[in-house]
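Scroll down for the structure; my scribbles are underneath it.
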There are 2 protein chains.
Amino acid sequence: MKLRADAQRNLDRLLEAAGECFAEQGADASIDEIARRAGVGHGTVFRRFATKEALLAAILAGHMLELANDAEASYAEPDAGEAFNRFVRRVADAYARNRALVDAMKRCEATPEVDALVDAVERLLHRAQEAGAVRRDVTAEDVLALIPTASSYPDIVLDGLRPPR
Amino acid sequence: MKLRADAQRNLDRLLEAAGECFAEQGADASIDEIARRAGVGHGTVFRRFATKEALLAAILAGHMLELANDAEASYAEPDAGEAFNRFVRRVADAYARNRALVDAMKRCEATPEVDALVDAVERLLHRAQEAGAVRRDVTAEDVLALIPTASSYPDIVLDGLRPPR
DNA sequence: CGCTAAGCGGACTGACCCGTCCGCTTAGAA
DNA sequence: TTCTAAGCGGACGGGTCAGTCCGCTTAGCG
């Protein structure tokens, strides 16, 4: 069903504000602040999203899809190891700017978007492992779990991910 | 000043309960639950510790001292690299069992106990770097910051900490 | 333009939680 | 055994936050 024009405007601003607040403060950002920043009453938030959890999930789904697309794009790079490393650095950058992503990684709920991301990472990872660029005893989930650390220590994490000498 | 016998008993149980709660739930554990588990009213908690922060600090100080002693003890091992690696694994184990420690690492307040720990790690680290067992571009603070990750991925972190090939 | 349902937002509820306070209890010295 | 100060704990205040509800507003159809 189509929203009334003013409602759609509010929804857009709400999503934008939620994205910012969650990025800055993580999953603990309060609905009140999100509503304030969007310029609406917080009752309005709950008409669009039944719970705070639902709002957060919507924001995260968007980010996950974006990252999955990044992974797909990285696959174009012919050098398997280079493609993998570059992807890890890119995602790590995204995490450094977005606390909500770090929080999301911890809960690790199995949404379709997360599955898509895991699948994409799996392909990148598998190819890099076949090429001997990445150790074989890690999974795509492991790689994603290491991303927050990689946002502070990319070189250490990437070195650690290479096959042991 | 010496406490009355019953007060001392309550204090002991309080510290034990606080240690458990913070370990399980991190710094967000509530005073109410700690008091409940200790079998005292929560008013009693505040007579011993002015704020929740003070109670947490007391618990953390104990852990920090323990870890600093661990570091000192590891120094006895003659192989510099081995000593360093073993210490990292040990601390990582402690972190895996104690969410409060992870939370403590993030705030990274400069208490005397933390300083002692950092100093001890610095000596271990420096010796390992001199021996060529650990890369030179990391500090003791970096090592401590990597501990939470090492509690899930010890091999990857330790490999990443070795000098680049 | 008039009307109506969609939309709005702020007051309200209830659940926590930190920290204070005070009347009751009791350890333990005399 | 008596007495008193140390100790206790629960009621209370003040604050935050998620989620509900309802009377007012307004978009936009006919």
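Numbered from 1 within each chain, the chains take letters A, B, ... in sequence-line order.
- Pairs passing the salt bridge (charged side-chain N to carboxylate O under 4.0 Å, His left out) check and including a residue from residues 43-65 of chain A, sequence neighbours excluded, read A:Glu53-A:Arg107.
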Please tabulate, for side-chain N and O atoms in residues 154-165 of chain B, each donor-acceptor pair with protein atoms closer than 3.5 Å (sequence neighbours left out).
| from | atom 1 | to | atom 2 | distance (Å) |
| --- | --- | --- | --- | --- |
| B:Asp155 | OD1 | B:Arg89 | NH1 | 3.4 |
| B:Asp155 | OD1 | B:Arg89 | NH2 | 3.1 |
| B:Asp159 | OD1 | B:Arg162 | NE | 3.4 |
| B:Asp159 | OD1 | B:Arg162 | NH2 | 2.4 |
| B:Asp159 | OD2 | A:Arg135 | NH1 | 3.1 |
| B:Arg165 | NH1 | A:Pro163 | O | 3.3 |
| B:Arg165 | NH2 | A:Pro163 | O | 3.0 |

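- In this structure, the CD1 atom of B:Ile34 is 11 Å from the P atom of C:dG19, given to the nearest Å.
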Which atom pairs link the protein and nucleotides 8-14 of chain D when you take only N or O atoms and keep those under 3.5 Å?
| from | atom 1 | to | atom 2 | distance (Å) |
| --- | --- | --- | --- | --- |
| D:dC8 | OP1 | B:Asn10 | ND2 | 2.4 |
| D:dC8 | OP2 | B:Arg47 | NH1 | 3.2 |
| D:dC8 | OP2 | B:Arg48 | NH2 | 3.4 |
| D:dG9 | OP2 | B:Gly41 | N | 3.2 |
| D:dG9 | OP2 | B:Thr44 | OG1 | 3.0 |

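- Under the rule for a side chain to side chain donor-acceptor pair (under 3.5 Å), B:Gln129 has no partner lying at least two apart in sequence or in another chain.
- Remark: B:Arg86 engages B:Glu77 in a side chain to side chain donor-acceptor pair (under 3.5 Å) (not counting sequence neighbours).
- Separating the CZ atom of A:Phe46 from the P atom of C:dG10 is a distance of 15 Å, rounded to the nearest angstrom.
- Atoms NZ (B:Lys2) and C1' (C:dA29) sit 13 Å apart, rounded to a whole Å.
- Considering only residues two or more places apart in sequence or on other chains, A:Glu113 meets the salt bridge (charged side-chain N to carboxylate O under 4.0 Å, His left out) condition with none of them.
- Not counting sequence neighbours, A:Asp28 has no partner by the side chain to side chain donor-acceptor pair (under 3.5 Å) test.
- Ion pairing between A:Arg136 and A:Glu130 holds under the 4.0 Å rule for side-chain N and carboxylate O.
- Nucleotide C:dC17 holds its C1' atom 11 Å from the CZ atom of B:Arg36, rounded to whole Å.
- Within residues 21-32 of chain A, no residue approaches DNA chain C, by heavy-atom distance under 4.0 Å.
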Name the atoms and distances for all side-chain donor-acceptor pairs under 3.5 Å in residues 9-17 of chain B, with sequence neighbours left out.
| from | atom 1 | to | atom 2 | distance (Å) |
| --- | --- | --- | --- | --- |
| B:Asp12 | OD1 | B:Gln8 | NE2 | 3.0 |

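- For the segment residues 50-62 of chain B, the set of residues with a heavy atom within less than 4.0 Å of an atom of DNA chain D is empty.
- A:Asp79 meets the side chain to side chain donor-acceptor pair (under 3.5 Å) test with no other residue; sequence neighbours excluded.
- Listed by first and then second residue, the side-chain hydrogen bond (donor to acceptor under 3.5 Å, both in side chains) pairs that reach into residues 63-73 of chain A are A:His63-A:Asn98, A:Asp70-A:Arg90, A:Glu72-A:Arg123, sequence neighbours excluded.
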